[in-house]
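Working notes, beginning with the structure itself.
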Number of protein chains: 2
Amino acid sequence: VRPEGGAAAVIIGNEVLSAKVRDANGPVLIQRLRDQGIPLRSVEIIPDEVDIIAEAVNRARQRARWVFTSGGIGPTHDDVTVQSVARALGRPVIRLPEMVALLSQNHPEGASEAALRLANAPEGAHLIAAEGMWFPALAVDELYMLPGVPALFRVQLDAVLATLPSFRIFLRTLYVTLRETEFAERLDAVDAAFPEVAIGSYPAFDRALDYRVKITFEGAEDAPVLAALRRFADQLPPDTIVREE
Amino acid sequence: VRPEGGAAAVIIGNEVLSAKVRDANGPVLIQRLRDQGIPLRSVEIIPDEVDIIAEAVNRARQRARWVFTSGGIGPTHDDVTVQSVARALGRPVIRLPEMVALLSQNHPEGASEAALRLANAPEGAHLIAAEGMWFPALAVDELYMLPGVPALFRVQLDAVLATLPSFRIFLRTLYVTLRETEFAERLDAVDAAFPEVAIGSYPAFDRALDYRVKITFEGAEDAPVLAALRRFADQLPPDTIVREE
């Protein structure tokens, strides 16, 4: 099975762009998607502005099947994710009855108007229960609106990922002592010959290492990945290959 | 002086999106720009694909005066930043004579065709010398194409930032024990009354802390920043304010 569509992420974060906090959610999302074999097409970090978020969400939906947003969920003026996603989808913001019920349970004294803002959602939204947290993840179609607070983001992300399929990725790595300029043309030719294999070349510039460049080959099936690596490695002087992994 | 235009970043990185390496350059750029008072409008992490990079570069140029790219500089097939930026600008790729001269100095045995690819640049490009590195930063107009290797990125970024102006940012922070739902409407009103002040509200969800929410006020001048903070703080019960910073 191929991971058609893949994922894209939109990090809504004035606080990240202004260096008040370092984004922890993007790296977690990147690693979890990789662990599940879902390719990630893009990550955009943008300000808390409705027009910009709506555009970024639409771009992400064009690029990928599964879209994740981080941040902008809450009751204050800078929490504009719900209205931005609604605008992107061309749907009204409604008050989600299941969420109103949850808010009422959690505010036995009566939920204030500000608290009830947490029940706002794009029309057609649904909730995904997150273990150990009364506050569920908010989804609409295959778009998941997760909170920016890292501890909450992680719990809700796990709940969402449990509903998505897993895929295998085959990765093989070659470490060489050559410089990139010494093999660039040969690697170009292998890249052109194996369109289903993603090939990356990463120079290290660290003299403490035993190699100069790490070359990665990966794809959804092992045979072409291995064939591409062999095709390339067989063209190199054997003493320039440090190891394969 | 106001930091008109600000900056935007495009991180070119299959290796980041596929979790092979954690992006170090975005966080460094975010912090250095903040230190220099240059507002950052967006950070996009995208694959090594010409069309996608060209679109992201154009988007960044519409959003910001100064645009930084990270990665995709080198001699291999996945180094497509120069051709992507050229496409975004509608300019041809030329071979930059100053860079050919530098490459010849650094390859006394004669620079190979692969090495000479490093001299490719969008027409109209210029070089910015980076201290302690023979390889200069490549710029075209106010767009800076920095290498993805973090040690090289940092040195070239410092060289570029030394050519840009600095601005002051005034930040004041209020820590409160209230929940966001208990002050959201009042903060909304202050936000609407002070359009020149950026206000953020960040709940903590950590019981070890002495506050529940951190509220930030910032802008290019201190008087409206302080006035916005006072307008808001004066509406709160005094015993709910932990401290101001």
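Since this is a predicted model, take the numbers as computed values, not measurements.
With a 4.5 Å cut-off on non-hydrogen atoms, A:Val149 touches chain B through its side chain but not through its backbone. Using a 4.5 Å cut-off between heavy atoms, B:Pro203 touches chain A through backbone and side chain atoms alike. Only the side chain of B:Leu171 comes within less than 4.5 Å of a heavy atom in chain A; its backbone stays farther off. For chain A, the nearby part of B:Asp191 is the side chain; its heavy atoms alone come within less than 4.5 Å. Using a 4.5 Å cut-off between heavy atoms, A:Leu33 does not touch chain B at all. Within the 4.5 angstrom heavy-atom criterion, no atom of B:Arg179 approaches chain A. Contacts of B:Val10 with chain A are absent, with no heavy-atom separation under 4.5 Å from either backbone or side chain. At a 4.5 Å heavy-atom cutoff, the contact between B:Ile199 and chain A is made by backbone and side-chain atoms alike. For B:Ile169, no part lies under 4.5 angstrom from a heavy atom of chain A. Residue A:Thr216 touches chain B through its side chain alone, counting heavy-atom pairs closer than 4.5 Å. Both the backbone and the side chain of A:Asp188 come within less than 4.5 Å of a heavy atom in chain B.
The backbone N or O of B:Gly71 sits less than 3.5 Å from a side-chain atom of B:Thr81, completing a donor-acceptor pair.
Each of B:Gln31, B:Glu55, B:Glu185 has some count of heavy-atom pairs under 4.5 Å with chain A, and the biggest count is that of B:Glu185. Listed options B:Leu116, B:Leu118, B:Asp78, B:Asp48 were ranked by heavy-atom pairs under 4.5 angstrom with chain A; first place goes to B:Asp78. The candidate from B:Ile11, B:Asp23, B:Val16 with the greatest count of non-hydrogen atom pairs under 4.5 Å with chain A is B:Val16. Of the listed residues (B:Glu49, B:Arg59, B:Lys214), the one with the most heavy-atom contacts under 4.5 Å to chain A is B:Arg59. Per-residue heavy-atom pair counts under 4.5 Å with chain A were compared for B:Ser112, B:Ser18, B:Ala115, and the maximum is reached by B:Ser18. Note on B:Gly148, B:Pro27, B:Ala151, B:Gly200: by heavy-atom pairs under 4.5 Å with chain A, the leading option is B:Pro27.
The pair A:Glu218-A:Arg34 counts as a salt bridge, with a side-chain nitrogen and a carboxylate oxygen less than 4.0 angstrom apart. Salt-bridge formation is detected for the pair A:Arg63/A:Glu44: a Lys NZ or Arg NE/NH1/NH2 atom is positioned less than 4.0 Å from an Asp or Glu carboxylate oxygen. With respect to B:Glu113 and B:Arg95, a salt bridge is recorded, a charged nitrogen being found less than 4.0 Å from a carboxylate O.
Side-chain atoms of A:Gln62 and A:Asn58 include no donor-acceptor pair closer than 3.5 Å.
Using cut-offs of 30° and 60° on the angle between ring planes, the pair B:Trp134 and B:His107 is perpendicular.
Other residues, nucleotides and ligands contribute at most 12 non-hydrogen atoms within 6.0 Å of the CD atom of A:Glu131. For A:Arg186, the CZ atom is densely surrounded, since the number of other residues' heavy atoms within 6.0 Å is greater than 12.
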Could you walk me through whether B:Phe68 and B:Asn25 pass side chain to side chain contact (heavy atoms under 4.5 Å, CB included), step by step? CA-CA 11 Å; B:Phe68 296 83; B:Asn25 296 342; over 6 Å; no
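Within the 4.5 Å cutoff, side-chain heavy atoms of B:Leu152 are placed close to those of A:Phe205.
For the pair A:Arg243 and A:Tyr175, the distance from NZ or CZ to the six-membered ring centre is under 6.0 Å and the angle to the ring normal is within 45 degrees.
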